[in-house]
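Reading through the structure tokens given below for one structure.
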Amino acid sequence: MARFGILTSGGDCPGLNAVIRGTVLQGTSVHDHEYVGFRDGFKGLVYGDAMDLDRSVVRGISQQGGTILGTSRFGPYVEPDGGADNIKVALERLGIDGVIAIGGDGTMAAANRLLEDGIPVVGVPKTIDNDLKATDYTFGFNTAVEIATEAVDRLRTTGNSHKRCMVLEVMGRHAGWIAMYAGVAAGAHAILIPEQPESLEQICEWVTSVRDRGRSPMVVVAEGFKFPDMDEAHSHKGMDGFNRPRLGGIAEILAPLIEEHTGIETRATVLGHIQRGGVPSAWDRVLGTRFGQAVSDLVADREWGKMVALRGTDIVRVPFSEAVGHTKTVPLEYYAGSRAIFG
Ligand SMILES: Nc1ncnc2c1ncn2[C@@H]1O[C@H](COP(=O)(O)OP(=O)(O)OP(=O)(O)O)[C@@H](O)[C@H]1O
Ligand SMILES: O=P(O)(O)OC[C@H]1O[C@](O)(CO)[C@@H](O)[C@@H]1O
Ligand SMILES: [Mg+2]
């Protein structure tokens, strides 16, 4: 009987459990597969730390946030125990025929390297940031947008009551999809994204024009937003597990600047990991389940080096090369269209 190992890697994301369930149900009922789950991302793969995944283990998990397997930013090549040779030994010991890596662009890059080193591996794209180019949408994004939109709606009522300018910071390292969708959905007066620097003068002009017609300005800013004179996004929290700057905090810089330049009392809120945790939306559960079922079919066909993806309404198979090294950013024409009605 064919046996496959599943891992979740990178930041967690609502819908991961729906993928795990969809894979196990499709694989066990349609293909007669067996599955195990590696704990804590590539760490479990490197150390052969795995748990059995059968129908009873995945029962009722689609509606749970996070991942029952745990996740991490541990790399499969981390010394002293990582590397393809060691992983091959672990896979052989556990009797595993192939690996399903569920993760973002970094996870797909790692999986691609493992593939080149002879490990049979396929991928499932996940990220709340929706910045993976090879798929139209990733699960988790819809949930994050719902949470961020509700946050904007709530900030508006308190902002209106006090006649304050409210600034909400959402996630988005290189791509401002969450900021764009939540900002447009909630009718924000300015949306600031990593793709398009905006000057403080321009932001204050939008804020002032809102105030001048008797409204309370609402600004949504992505964590990766930069003023024109910034080379890198704001970071003051050190590095993450993969040695990249941890972002977050640009709203705390922006709010006092707006207050100083416009005279409008301004407050900042950083939404943070609230937008990544908790129950997935129905849409994300459906996409996660479809991805899970499709990746079970993919390993049944032994099409290593591919990732499942959403194109239009279809689930398709794309090579890792399409998913690695290309960030799906907000098109500048789309931003320009939205920007035309800021203020
Ligand atoms: N080019 C690479 N070669 C080997 N390992 C890599 C590479 N890129 C990333 N990794 C490993 O894969 C892990 C997961 O990648 P990353 O932290 O970028 O998250 P992700 O999968 O992109 O998800 P998200 O960005 O949504 O949190 C990294 O922490 C790192 O250990
Ligand atoms: O604090 P963590 O878990 O390292 O993750 C933060 C990052 O994760 C992401 O949400 C992607 O999952 C980015 O937008 C953000 O910069
Ligand atoms: Mg990533």
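We count ligands from 1, going down the list as the structure has it; atoms in each ligand are counted the same way.
Atom 10 (O) of ligand 2 has as its closest protein heavy atom Met171 SD, 3.0 Å. The protein heavy atom nearest to atom 13 (C) of ligand 2 is Asp129 OD2, 3.3 Å. Scanning the protein heavy atoms around atom 4 (O) of ligand 2, the nearest turns out to be Arg73 NH2, 3.2 Å. Here the protein heavy atom with the shortest distance to atom 15 (C) of ligand 2 is Glu223 OE2, 3.2 Å. Atom 1 (O) of ligand 2 has its closest protein heavy atom at His273 NE2, 2.9 Å. At the top of the distance list for atom 12 (O) of ligand 2, counting protein heavy atoms only, stands Arg276 NH1, 3.6 Å.
Side-chain polar atoms of Asn142 and Tyr137 form no donor-acceptor pair below 3.5 angstrom.
The N/O atoms of Asp105, backbone and side chain alike, include one that comes under 3.5 Å of an N/O atom in ligand 1. Of the N or O atoms in Gly106, one or more lie within a sub-3.5 Å distance of an N or O in ligand 1. The distance criterion of under 3.5 Å between nitrogen or oxygen atoms is not met by Ala109 with respect to ligand 1. For Gly104, a nitrogen or oxygen atom sits less than 3.5 Å from a nitrogen or oxygen atom of ligand 1, counting backbone and side chain alike.
Counting the atoms of ligand 1 from 1 in the order shown, those under 4.0 Å from a heavy atom of Gly75 are 31 (O). Short contacts between ligand 1 and Ser9, defined as distances under 4.0 Å to a heavy atom of the residue, involve ligand atoms 13 (C), 14 (C), 21 (O). Counting the atoms of ligand 1 from 1 in the order shown, those under 4.0 Å from a heavy atom of Thr127 are 26 (O).
The distance from the Mg ion (ligand 3) to the nearest N/O/S atom of Asp129 is not under 2.8 Å.
Nearest residue to atom 24 (P) of ligand 1 from Lys126, Arg244, His174 is Lys126 (criterion: closest heavy atom).
Between Phe225 and Phe227, the ring-plane angle classifies as perpendicular under the 30° and 60° cut-offs.
Proximity of Leu247 to ligand 2, defined as any heavy-atom pair under 4.0 Å, is not found for any part of the residue.
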For this session: I would like to know whether Leu247 and Ser235 meet side-chain contact (heavy atoms from CB on, under 4.5 Å); could you show each step before the answer?
Result: CA-CA 5 Å; Leu247 302 188; Ser235 167; 4.3 Å; yes
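No heavy atom of Asp129 sits closer than 4.0 Å to any atom of ligand 1. Contact analysis leaves Gly241 out of contact with ligand 1, as no non-hydrogen atom separation drops below 4.0 angstrom.
Of all N, O or S atoms in Asp105, the one lying closest to the Mg ion (ligand 3) is OD1.
Each of Val36, Thr28, Thr23, Ile20 was evaluated against Leu53; a single residue qualifies, Ile20, per the side chain to side chain contact (heavy atoms under 4.5 Å, CB included) test.
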